[in-house]
Amino acid sequence: MELSAIKWFFSPAIIGHRGASATAPENTLAAFFKAKQLGLHWVEFDVMVASTGEAVVIHDDDLERTTNGRGRVIDCSYTDLKKLDAGSWFDPLFSNERIPSLQEVLQLLWRERLAANLEIKALAGHEQATVKQVLDILEENEGRLPSPLLISSFSPLVLQLLRKASSSALLGIVIDAWQEDWHALCSEIRCISVHINHEVLTPARVREIKAKEYLLLAYTVNTLDRAEELLSWGVDALFSDCPDVLVAGLKRK
Ligand code: G3P
Ligand code: MG
């Protein structure tokens, strides 16, 4: 897919970060469904693997913050992960939410015609297994995938493994702190997008990235003033926990 075609999908230019995560528990089916109801076109979500190898959608390495479980995701079997309550921490109304599998999330996004940014969070030493598992599931679901589907990671190794396995995958690099040599890896991996912590962006850095013709996405932006500023600098889209607030505010302008 051409960059210009992908850009077309950034309207509104707001991506539901972990779904609509201020309205429903992050990275749950409820959060993705809510994003659709709010009129979004894109959601972002985080993927890692269970001890038994299945890809699941959850952000933290540990279970404590967003479930009633304990310990690390990577030490827990898929069967045990599926028993956990992934919604009550947010609101008892969501007590039926479970940690979704990647398969379940892809099915929902495809059904709801949502575009997606799948972010791979691989623990050190598990990069290869995580990438293989994700790519296997994408292959099994070919023809029934969110479109566009942008795959990203903070991990250079994950991105290198993805590119080795797929010459056509749409890849994006995630950058938390500014790195002067950001472009070397992007170009080696043939990334189409740079996903960057908005706090390290300046107008000059936006110009530098856009001059090299990457899509530029900034996280995590939850105030209207900052959203307007970043978009006025030329950022293509923003990850937000409260996408509905930003979309409504930007429309009013
Ligand atoms: O992919 C953008 C953003 O989600 C990266 O940070 O920690 O929220 O996954 P994090
Ligand atoms: Mg993420």
Side-chain angles (χ1 to χ4, degrees), residues 6 9-10 13-29 31-32 35 40-49 55-67 72-74 86 89-90 99-100 102 105-106 109 114-124 126-127 130-131 134 146 148-156 158-159 162 169-179 182 185-186 189 191-201 205-206 209 214-223 226-227 230-231 235-243 246:
I6 295 170
F9 286 89
F10 288 122
I14 308 293
I15 301 165
H17 183 236
R18 311 178 194 172
S21 59
T23 315
E26 66 180 54
N27 282 329
T28 61
L29 296 181
F32 302 123
L40 295 185
H41 292 163
W42 279 84
V43 290
E44 181 264 2
F45 58 93
D46 307 285
V47 175
M48 58 181 86
V49 290
V56 289
V57 175
I58 185 166
H59 177 272
D60 296 4
D61 295 346
D62 300 311
L63 292 162
E64 278 81 352
R65 185 179 62 87
T66 60
T67 76
R72 299 192 310 164
V73 176
I74 190 71
W89 68 275
F90 183 87
I99 298 172
L102 174 58
V105 170
L106 291 174
L109 301 183
L114 280 161
N117 172 199
L118 184 171
E119 185 194 338
I120 297 185
K121 297 259 193 242
L123 280 187
H126 296 268
E127 292 92 345
T130 310
V131 166
V134 168
L149 175 63
L150 187 51
I151 309 176
S152 64
S153 187
F154 283 104
S155 160
V158 163
L159 293 169
L162 284 164
L170 305 177
L171 301 183
I173 188 167
V174 192
I175 298 174
D176 200 52
W178 182 252
Q179 303 158 18
W182 65 271
L185 189 62
C186 284
I189 293 161
C191 287
I192 63 155
S193 54
V194 175
H195 308 195
I196 194 161
N197 177 354
H198 80 92
E199 290 171 15
V200 305
L201 278 178
R205 288 172 178 174
V206 171
I209 295 168
Y214 292 98
L215 283 171
L216 177 53
L217 316 180
Y219 65 87
T220 305
V221 181
N222 290 332
T223 64
R226 184 61 172 161
L230 290 161
L231 294 172
V235 174
D236 293 297
L238 311 171
F239 297 95
S240 179
D241 300 323
C242 50
L246 295 195

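Residues take their numbers from the sequence shown, with the count starting at 1. In each ligand, atom 1 is the first atom listed, and ligand 1 is the first ligand listed.
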Inset, instruction - Please answer whether the main-chain N or O of A115 pairs with a side-chain N or O of W42 as donor and acceptor at a distance below 3.5 Å. - result: no
So CG of L109 and CG of L29: to nearest 0.5 Å the spacing works out to 9.0 Å
To the nearest 0.5 Å, atom CD1 of I58 lies from atom CZ of R18 at 10.5 Å
Looking at E119, the N/O/S atom that lies nearest to the Mg ion (ligand 2) is called OE1
With nothing but distance in play, are any N or O atoms of K121 less than 3.5 Å from an N or O of ligand 1? yes
Closest to the Mg ion (ligand 2), among the N/O/S atoms of E44, is atom OE2
Of all the N, O or S atoms in D46, the one nearest to the Mg ion (ligand 2) is OD1
Rounded to the nearest 0.5 angstrom, the CG-CE distance for L123 and M48 is 6.5 Å
Y219 N/O to ligand 1 N/O under 3.5 Å:
no
Between F239 and N117, is there a side-chain heavy-atom distance shorter than 4.5 Å?
yes
message: If the contact criterion is a heavy-atom separation under 4.0 Å, does H195 count as touching ligand 1?
response: no
Contact region, D46 to ligand 1, non-hydrogen atoms below 4.0 Å, reads side chain
Numbered in order shown, the ligand 1 atoms found under 4.0 Å of a heavy atom of E44 are 1 (O), 2 (C), 3 (C), 4 (O)
- prompt: For H59 and ligand 1, does the shortest N/O to N/O distance drop below 3.5 Å?
  reply: yes
